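Each chain gets a letter, A, B and so on, in the order its sequence line appears, and its residues count up from 1. Just so it is clear, the structure is predicted and the values come from calculations on it, not from any experiment.
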2 protein chains.
Amino acid sequence: MSDAALWTALADPHRRAIVALLLERPRPVGEIAEACGLSQPGTSKHLKVLREAGLVRVRHDAQRRVYALDPGPIITLDAWLAPYRKLWNDSLDALGRRLDETASDPPDTPLPKD
Amino acid sequence: MSDAALWTALADPHRRAIVALLLERPRPVGEIAEACGLSQPGTSKHLKVLREAGLVRVRHDAQRRVYALDPGPIITLDAWLAPYRKLWNDSLDALGRRLDETASDPPDTPLPKD
DNA sequence: GGCATGTATTCCTTGACAGGCATATAACTG
DNA sequence: CAGTTATATGCCTGTCAAGGAATACATGCC
């Protein structure tokens with residue numbers, strides 16, 4: 001349920017952009033709208049979806065509504081991801097754990113296919 | 001390939017169910033269809049989306065197509081999530097971190113039991 | 001009170017899927 | 001070869017969500 005709402009909320013690129021914006025700092029609606037190139041009503045609608053998914057929360061500041069990230073759902077996503085993280089750890093092992101970061105001196109590189 | 005395809009693919013609950021199934025072990029289409037209560041054509045279409053998002057890969061076994069998870073996109077998701085993970089770590093700190101766990105990732109902290 | 005600012009909500013239209021069905025393709029069996 | 005199993009694809013339809021425009025709501029200021 002809330003899990004589904006979370007995925008649905010993050011499925012939209014504009015909403016991911018909003019979330020990324022709010023990662024830097026809380027912002028009022030107008031600022032988000034301009035930064036994302038969205039209309040004000042459109043921004044409000046996206047924010048509503050994010051709010052109902054629990055991803056953001058609002059602080060009333062006079063007429064302004066300042067939105068900020070709520071870290072809660074991030075934990076949910078992280079938990080969902082955990083089993084798969086284990087998967088790619090195994091996978092790295094199986095391939096010789098020589099991905100494109102930090103590794104630079106394997107004696108012989110067996111050239112994984114594809 | 002795109003980030004968007006990945007999120008779109010995971011936005012569907014049936015596809016998340018398929019991914020969860022494939023986490024246990026690779027499976028042929030028919031088995032996935034039955035396990036998820038989906039029709040065979042529907043399952044094939046979902047698998048196509050997952051394939052194009054890079055989340056699964058196919059192994060041809062006679063007439064069977066055995067699908068397996070591809071760990072690549074998981075890394076992408078994990079990278080996307082990383083900044084937010086930092087956010088909720090900060091959040092826990094701010095609260096006095098007397099919650100459950102705030103494990104960072106030294107060489108051996110393999111996610112106790114999720 | 002009236003007006004300006006900032007945000008939310010409603011209505012409408014359009015486009016993107018998901019699901020069901022029939023059918024096409026591929027590979028094994030005899 | 002024909003028949004059978006396993007999967008993919010094409011078409012159709014209903015549903016749902018995103019975007020735009022106009023408007024309602026809320027708050028501060030004079």
Side chain to side chain contact (heavy atoms under 4.5 Å, CB included) partners for [X], two or more places apart:
X: A:Lys86; value: none
X: B:Pro26; value: B:Val66, B:Ala68
X: B:Pro71; value: A:Leu87, A:Trp88, A:Ser91, B:Arg57

Give every residue pair that meets the salt bridge (Lys or Arg N to Asp or Glu O under 4.0 Å) criterion with at least one member in residues 64-79 of chain B, sequence neighbours excluded.
A:Arg85-B:Asp78, B:Asp78-B:Arg85
Between which nucleotides of DNA chain D, read 5' to 3', does contact with chain A run, using atoms under 4.0 Å from its heavy atoms?
D:dA18 to D:dG28
Report the C-alpha distance between B:Leu77 and A:Leu77 in whole Å, list the side-chain angles of each, state the deciding distance to 0.1 Å, and finish with yes or no for side chain to side chain contact (heavy atoms under 4.5 Å, CB included).
CA-CA 10 Å; B:Leu77 260 193; A:Leu77 259 194; over 6 Å; no
Residues of residues 39-58 of chain A with a heavy atom under 4.0 Å from any atom of DNA chain C, listed by number, are A:Gln40, A:Pro41, A:Ser44, A:Lys45, A:Lys48
Residues of residues 11-34 of chain A with a heavy atom under 4.0 Å from any atom of DNA chain C, listed by number, are A:Pro28, A:Val29, A:Gly30
Pairing string of DNA chain D (Watson-Crick or G-U wobble, both atom distances under 3.5 Å; | = paired to other strand) is ||||||||||||||||||||||||||||||
Check: residues 35-49 of chain B side-chain donor-acceptor pairs under 3.5 Å, at least two apart:
from, atom 1, to, atom 2, distance (Å)
B:Ser39, OG, B:Gly42, N, 3.0
B:Gln40, NE2, B:Ser44, OG, 3.3
B:Thr43, OG1, B:Ser39, O, 2.6
B:His46, ND1, B:Arg15, NH1, 3.1

Sorted by chain and residue number, the salt bridge (Lys or Arg N to Asp or Glu O under 4.0 Å) partners of A:Arg27 (sequence neighbours excluded) come out as A:Glu24, A:Glu31
Among residues at least two apart in sequence or on other chains, which ones pass side chain to side chain donor-acceptor pair (under 3.5 Å) with A:Arg51?
A:Tyr67
Check the interface with nucleotides 25-28 of chain C: list each N/O to N/O pair with the protein under 3.5 Å, or write none.
from, atom 1, to, atom 2, distance (Å)
C:dC28, O4', B:Gln63, NE2, 2.8

